[in-house]
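Right, one structure below, let's go through it.
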4 protein chains.
Amino acid sequence: NRTNVPERVAGPLLEDLLSDLTQINNSMERAKRLFEWLIRPIPAQTFFRDTWEKKPIFVQRNKPDYYKGLFSTAEFDRILREEYVQYGVNLDVTSYTNGKRETHNPPGRARPFTVWDFYESGCSLRMLNPQAFSSTVWNVLSILQERFGSMAGANVYLTPAQTQGFAPHYDDIEAFIVQLEGKKHWRVYNPRLKEVKKEALTNFKQADIGKPILDVVLEAGDLLYFPRGFIHQGNCLPDAHSLHITISSYQKNSWGDLLHKLVPAALEIAIEEDVDFRRGLPLDYLTYMGVQNSDKDDPRRGKFFSQIETLMKKLSNYAPVDAAVDQKARDFLHDCLPPVLTADELASSVQGAPARWEDGRVKGVGAQITTQTRVRILRAGCARLCSDGEAVHLYYTTNNSRVYHKEEPQSFEVKTEHTDAVEYLIHSYPDFVTVESLPCDSVQDRISLTELLFENGIIHTEAPL
Amino acid sequence: NRTNVPERVAGPLLEDLLSDLTQINNSMERAKRLFEWLIRPIPAQTFFRDTWEKKPIFVQRNKPDYYKGLFSTAEFDRILREEYVQYGVNLDVTSYTNGKRETHNPPGRARPFTVWDFYESGCSLRMLNPQAFSSTVWNVLSILQERFGSMAGANVYLTPAQTQGFAPHYDDIEAFIVQLEGKKHWRVYNPRLKEVKKEALTNFKQADIGKPILDVVLEAGDLLYFPRGFIHQGNCLPDAHSLHITISSYQKNSWGDLLHKLVPAALEIAIEEDVDFRRGLPLDYLTYMGVQNSDKDDPRRGKFFSQIETLMKKLSNYAPVDAAVDQKARDFLHDCLPPVLTADELASSVQGAPARWEDGRVKGVGAQITTQTRVRILRAGCARLCSDGEAVHLYYTTNNSRVYHKEEPQSFEVKTEHTDAVEYLIHSYPDFVTVESLPCDSVQDRISLTELLFENGIIHTEAPL
Amino acid sequence: NRTNVPERVAGPLLEDLLSDLTQINNSMERAKRLFEWLIRPIPAQTFFRDTWEKKPIFVQRNKPDYYKGLFSTAEFDRILREEYVQYGVNLDVTSYTNGKRETHNPPGRARPFTVWDFYESGCSLRMLNPQAFSSTVWNVLSILQERFGSMAGANVYLTPAQTQGFAPHYDDIEAFIVQLEGKKHWRVYNPRLKEVKKEALTNFKQADIGKPILDVVLEAGDLLYFPRGFIHQGNCLPDAHSLHITISSYQKNSWGDLLHKLVPAALEIAIEEDVDFRRGLPLDYLTYMGVQNSDKDDPRRGKFFSQIETLMKKLSNYAPVDAAVDQKARDFLHDCLPPVLTADELASSVQGAPARWEDGRVKGVGAQITTQTRVRILRAGCARLCSDGEAVHLYYTTNNSRVYHKEEPQSFEVKTEHTDAVEYLIHSYPDFVTVESLPCDSVQDRISLTELLFENGIIHTEAPL
Amino acid sequence: NRTNVPERVAGPLLEDLLSDLTQINNSMERAKRLFEWLIRPIPAQTFFRDTWEKKPIFVQRNKPDYYKGLFSTAEFDRILREEYVQYGVNLDVTSYTNGKRETHNPPGRARPFTVWDFYESGCSLRMLNPQAFSSTVWNVLSILQERFGSMAGANVYLTPAQTQGFAPHYDDIEAFIVQLEGKKHWRVYNPRLKEVKKEALTNFKQADIGKPILDVVLEAGDLLYFPRGFIHQGNCLPDAHSLHITISSYQKNSWGDLLHKLVPAALEIAIEEDVDFRRGLPLDYLTYMGVQNSDKDDPRRGKFFSQIETLMKKLSNYAPVDAAVDQKARDFLHDCLPPVLTADELASSVQGAPARWEDGRVKGVGAQITTQTRVRILRAGCARLCSDGEAVHLYYTTNNSRVYHKEEPQSFEVKTEHTDAVEYLIHSYPDFVTVESLPCDSVQDRISLTELLFENGIIHTEAPL
């Protein structure tokens, strides 16, 4: 599980990489490149085939600056000083001493004076949503979410030397532990399947978790990945504090989570369409079924079970798979961070369009979308056409907030005569297409649809208007 | 669909029949006998095999007194005079004139003065829960519910000559139209499957329903049965008013209704027990699944559908059938009417036990349950052991109210050491067993359990205490 | 406080009295007569002048049958046997032993078997709303509520010999303890004003309540009255059980309770009509007012207090007294028991009007209200015209239920052109007036208003229709 | 009502003034000075005596830069470009054409592209809470709120030439119209008292409001004040757009608003302490009081009214004035903007205290409050001791958000042994006092109380720690 990385394979500084990415035409490609940087030198294909969701892996780089620029204690201090940080909402103060896990959050606003005092007394600090305060974290996560097709989140952990902030526990996400400063000793243990069912996220006692399957010290520039369910604990050594950021994804993103949307809908449809589901139960089924009859050796029980099995097997015939995927997609688009625009993207989209106040009057309002204007959606995944029963809505991420779910899901209904054009735009990405080429009935339709998409920040133009 | 009944086959008067039934030892047997009387001369076995849930049937008896004693206009008048009847709650005033269906309920209490005035102006009267006011209807329904294993309900309809009270429509219950007085012209039409999905219970226009498959005139003593979904309408002829009672059952009692309880539970268990349900979705599934990609010819779509099918088929392996049946049973026991006790049953159960106030003091309190006392449950279906996750509860009908759901579901937790004894009691029915024979750990346990069941009216003793 | 009653003053049996009352033309007069019987031989005028709300009084009659027919242990037993009585809702099982007050209510339905068992073990029984089960109690209370102009309630208490059911405590109602059977030792203590504020209804310790101001033994036929706030306790002697009914009234019926309705309304009006209430507070009032400044010797404080006093004194100029009384009246009419009708009243009102089903058809529906019909309201206080802001509504008691607040407040809006006629009818009571004499604009109005009132049971006719 | 201001009286630029204010030791004094600048050259004393709450006044300055720096169209554009502005929440798009008032807000985020397009089409723009986006507006309002002892709010209005954004209407606040750019024609009309009661804030028709009492054109640098209730309308002339900010205060800050808190509390106390309030109402009051009896000439009515008057007059004896003021104060402190700290204040308070992360470790945590530390509250009105029944709480503004009510009311309970010290601190303002001088029982108490206040940003030290 350990990968030693020769220094030469180490990649570019994050700042340079992010700058390079702006030159890439396709957001999916950007996401791939950024993810490669995250797990380098492991090839992504290998990683997803052998490691992802399967086992922990440790990447030792001996290159302390590898993740430089992503986050730092200086940034931590700046945030405390300049932003309105609240205990319990944005910051947790924790400790794990003599087997006891405690949270020390006072009520109200977190001020540097008190936060650093907690730290000096040996408490760990966890910043819960650094993307709301740090533009770089926001940018990185907003790119990575396209790689995962699932929300990418982050927590930052700052731990004093010789202490531990949390009890051994497991999480329900895929975790990338990115060591930023100092070092930290990590131990990862096999999942305990039996307990999984009952004690999710519980803190474990040391005696109950056996021997670690991975026991390593992360230094700045190193990476540790482990799948959900794997028990883990990290503690600081006597000689160094630790700052790391955990990048996570794939919360509630399993087949089972999709089935939660799909199965009830399938049952509704089956009942409507298949008379076998509408037939009455046997008159006397209560006399041989149910827990009080479960020990009975009654042939009718077998018949009953068999009928249930037949019906349940038929259920999949009625499963509205694409509609259920759309339900998951809607949730995902609501979870998403809004895209961070490059200067070019800004200049060619609604927020940076020339309309402005200057010299005592409004200027640049005349800029018009015409049939010759060339447009595309801002990101491969920034908008999605979903059917809600009868109507079709376009859901989009571009008006989301950096603060999780601060805004309601953003969407509007797409008229029947516009759905083909929206689909065409989505599938044309990353190519720009002329407004004229949109499969609409009239020029009027093409223009008004394009304006609507432009005004909501969903598309941008090839050249500034 | 028409059955002519020679007069000789006609059965006993209801009063005599109900009196005879009190001599029958087993409530299931009583229910069978009463149901036979309802549909005589059709044999129950034939009925359930050929007709039930399949097609309408008309039983013409030429015996006006066949259903005498079940309900009457005199009883209708008495109820208006002596009980607190509320428009909209207990009584609806309706009309269907020139294709228009109207409800004329004023607010508040229904007084005979105004009710009969509505009737004289040509309105139909529907009494919504006659079982709350009529002891005979209560008794009949409380017996029949054991035949159906599903709540038996009733409405009474009184219609003036030459009028119709309702538009053509269909219902979601199995309906037995019992003609009590006067006569009524009925037309039954085939179900319209397509509409079923969208317009349940809607009123139809005459032009939309085609030709009737059954067109008959019910006279007092006749019976008409039709399954749910069959469109029907009844109107009075110029020469006679009509009084009938509709006895109904099997509302929400289909395999689909059971699957509503079962399928979500099966999915929870599958996710807990089967790692295949916990695996992450494909990284890129949003790019080829969902409505906006449904026209795509992408091989990954086939793989995705196939994986969904595999998982849905596996679902039945995790289906907690008996637990889901218990959920349905709990609902049924809450819906049930409480049993009507015979004089003997009353004398041998808690409500009629000798404890009483007499001559200035309490008497008969000394009566004791001993190990030699012989007991049984009051009705085959009056109590049921159901598991709620960890604990086991006994649900019972004996404290229910005659008014639908006026009381909360009645139940208490059964200690682990008592479940065998309760099961033994339930399965021993209709036999009386001694308290001594209960499979408990101690005499103390046997006595206290028996007392608990006795005090809640669930069991009675062979001889009065 | 003790009144010895020579036997000769004892009045008629309740049954005879209630029969006599039906001959009295005016419900207020009936109420007076029934109340005189309750407190005889104390003259009502004397009672209300010297005793009511002021002090306890004991009426010893030596006539065990004086209250006979009001309620009995036989009736108690009948109710348990025939009605659906619920622990906690209709019946409490209590004890007070060694200074400890306990409630022993099991969940669910109260059966005679278990109730009498509790009693035999020394528990007291309190029936919470005997008027819902006993027609006589209903009748008596429905008459008395007109005497009090406030809801009359009742509890029945059955206590075994040598026990006590409740700790010393006080109540917030005027209490008439009517001894029905057996005897009971009562001690009444002065109110403890200080505690009143904080510990309303609390159970006291024996040591805290001092010496009784009244210490008597009630025997069947005796009466004890005490005002709210007076601490009291009753216990059975070794030789006899006790059955008494407590008749109560005047809960939340003080000037303060009226002011709760009046004062906020007065303030709203004052702010609307008087500019002094709309003026801004002094700019700097927060710097010298408030708890943190309460010790300041600042002359502005005096001025501020004085302005407050001026405004509060002006408040009474804007008090909508009649409207506030109507709010209290509306609550009272909702609290009221419905009237118990005499046979004559029944025959001449909507519930007993001739419309009926007989011999296979409706009869008596033709009966018509004409301008010559003579009508009056059923009881002096059975209906009341109240203004709700813009509109005027008629509130009435005749559709109330015997179960407290089981029905919503009953009322309907009275059109402007009908208010005079309704007021005329109310003020004409107890006289019957012709429909013709109603001050309405047209015959049509007179008839339709009268029909509306008749159909809601608010008025009856001099002769049956 | 018009005041011509010779150019020489014009004051300093806002930037300089705000800088000067940081040198003033007392926030109340700062507030006075800033308010003087706002209304110059009218002396504040004259203004509050003759004009405030009484009549409109117009200050014409002929000095277009007088209010420069407060807000500008450039700032408006910047906000649209850089902040997340939402239609309906932060920005309204309105028009008033041909007597019709319309709001044109689309859903979602307001982008400069669409906002300026609305403006160019003739719509007015209203920014609802510029203090959340503009630090200068925040600073100015946070200072002024201490002058008013009531929340100071602001809206910004940008109106195109030759248009009007709103119908004639009145508001419920004292309004200071500060003309920032361009010019606007204003007409102010007398309040219409009758309508005030029913149609608060309604839009009026031109024909209904009569002749203006003030008809002026505001140019940049001018001020218009009018009290609540005065109807007003502003429209742009053909030759110039208009940008103004309306600074408002005294919403719900009248004697009547205080009485809303005070009167119900006074009644509760009166009922507890004065037996006259607990006495029962007259037995028969319902027969002569209430709307249906209001025309009766009954002497008991006079007595009843007189008793009500007596009790209402007595109410003021029980009025808990200081406690009610505290309730108003609590609301005010919740409404308040947090203070904007000067550099010195920042350095000497918790947010700027030396504790920081530097060179890989925490520094400056050692800084300690000692008995010799000299402290004071940050602003005269930034904290207030209020009693909530039994306990005493300190409410404070320093953790409030710039967004109205985004945070819950901030407070903590003050132990009994600390209340004197807190009061002492509040009353010592603007003087610094040593921790030693706090009237506490022990050094430990003094230190821990000071730390608590310091950590919540309520106090700062004379010299940085």
Out of [options], which one racks up the most heavy-atom pairs below 4.5 Å with chain A?
options                                    : result
Val291(B), Asp295(B), Leu281(B), Leu385(B) : Leu281(B)
Val325(B), Leu283(B), Asp326(B)            : Leu283(B)
Gly149(B), Ala329(B), Gly280(B), Pro282(B) : Gly280(B)
Val321(B), Leu311(B), Asp284(B), Asp257(B) : Val321(B)
Trp52(B), Phe305(B), Phe304(B)             : Phe304(B)

By a 4.5 Å heavy-atom criterion (distance strictly below it), what part of [X] contacts chain A: side chain, backbone, both, or neither?
X         : value
Asp276(B) : backbone
Pro320(B) : neither
Arg384(B) : both
Glu309(B) : both
Ala270(B) : neither
Asn253(B) : both
Leu259(B) : both
Ile426(B) : side chain
Glu174(B) : neither
Phe148(B) : both

Measuring from atom [atom1] of [X] to atom [atom2] of [Y], what distance do you get when rounded to the nearest 0.5 angstrom?
X         : Y         : atom1 : atom2 : answer
Ile458(B) : Phe412(B) : CD1   : CZ    : 4.0 Å
Cys386(B) : Leu333(B) : SG    : CG    : 7.0 Å
Lys313(B) : Ile308(B) : NZ    : CD1   : 12.5 Å
Glu423(B) : Leu438(B) : CD    : CG    : 13.0 Å
Gln327(A) : Asp388(A) : CD    : CG    : 8.5 Å
Met289(A) : Lys296(A) : CE    : NZ    : 11.0 Å

Where on [X] is there a heavy atom nearer than 4.5 Å to chain B: the side chain, the backbone, both, or neither?
X         : result
Lys252(A) : neither
Arg147(A) : both
His260(A) : both
Ile271(A) : side chain
Ala380(A) : neither
Pro227(A) : neither
Phe332(A) : side chain
Leu267(A) : side chain
Arg228(A) : side chain

Backbone of Ile42(B) reached by a side-chain donor or acceptor of Thr46(B) within 3.5 Å: no

Plane angle bin for Phe176(A) and Phe47(A) - parallel if under 30°, tilted between 30 and 60°, otherwise perpendicular: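 Aromatic pair Phe47(A)/Phe176(A) classed tilted.
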
Geometric class of the His393(A)/Tyr395(A) ring pair [parallel <30°, tilted 30-60°, perpendicular >60°]: tilted

Validation row: Asp322(A), Asn293(B) side chains within 4.5 angstrom (heavy atoms): no

Heavy-atom side-chain proximity of Leu453(B) to Leu394(B) below 4.5 angstrom: yes

Under a 4.5 Å heavy-atom cutoff, which of [options] has the most pairs with chain B?
options                                  : value
Ala323(A), Ser150(A), Ser254(A)          : Ser254(A)
Gly290(A), Ser316(A), Gly256(A)          : Gly290(A)
Arg279(A), Glu53(A), Met28(A), Glu146(A) : Arg279(A)

Intermediate values then yes/no, ring-ring contact (aromatic ring centres under 6.0 Å, His included), Tyr429(A) and Tyr424(A): CA-CA 9 Å; Tyr429(A) 186 87; Tyr424(A) 172 71; over 10 Å; no

Audit row: Lys55(B), Asp50(B), salt bridge (Lys or Arg N to Asp or Glu O under 4.0 Å) steps and yes/no: CA-CA 8 Å; Lys55(B) 61 179 185 192; Asp50(B) 300 340; over 6 Å; no

Exercise: identify the closest heavy-atom pair between Leu425(B) and Arg376(B): CD2-CA, 4.2 Å

Shortest non-hydrogen contact between Ser294(B) and Arg301(B), atoms and distance: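 In terms of heavy atoms, the two residues are closest at CA-NH2, 3.5 Å.
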
Derivation and outcome, side-chain hydrogen bond (donor to acceptor under 3.5 Å, both in side chains), residues Lys314(B) and Asn317(B): CA-CA 6 Å; Lys314(B) 278 172 81 174; Asn317(B) 301 342; over 6 Å; no

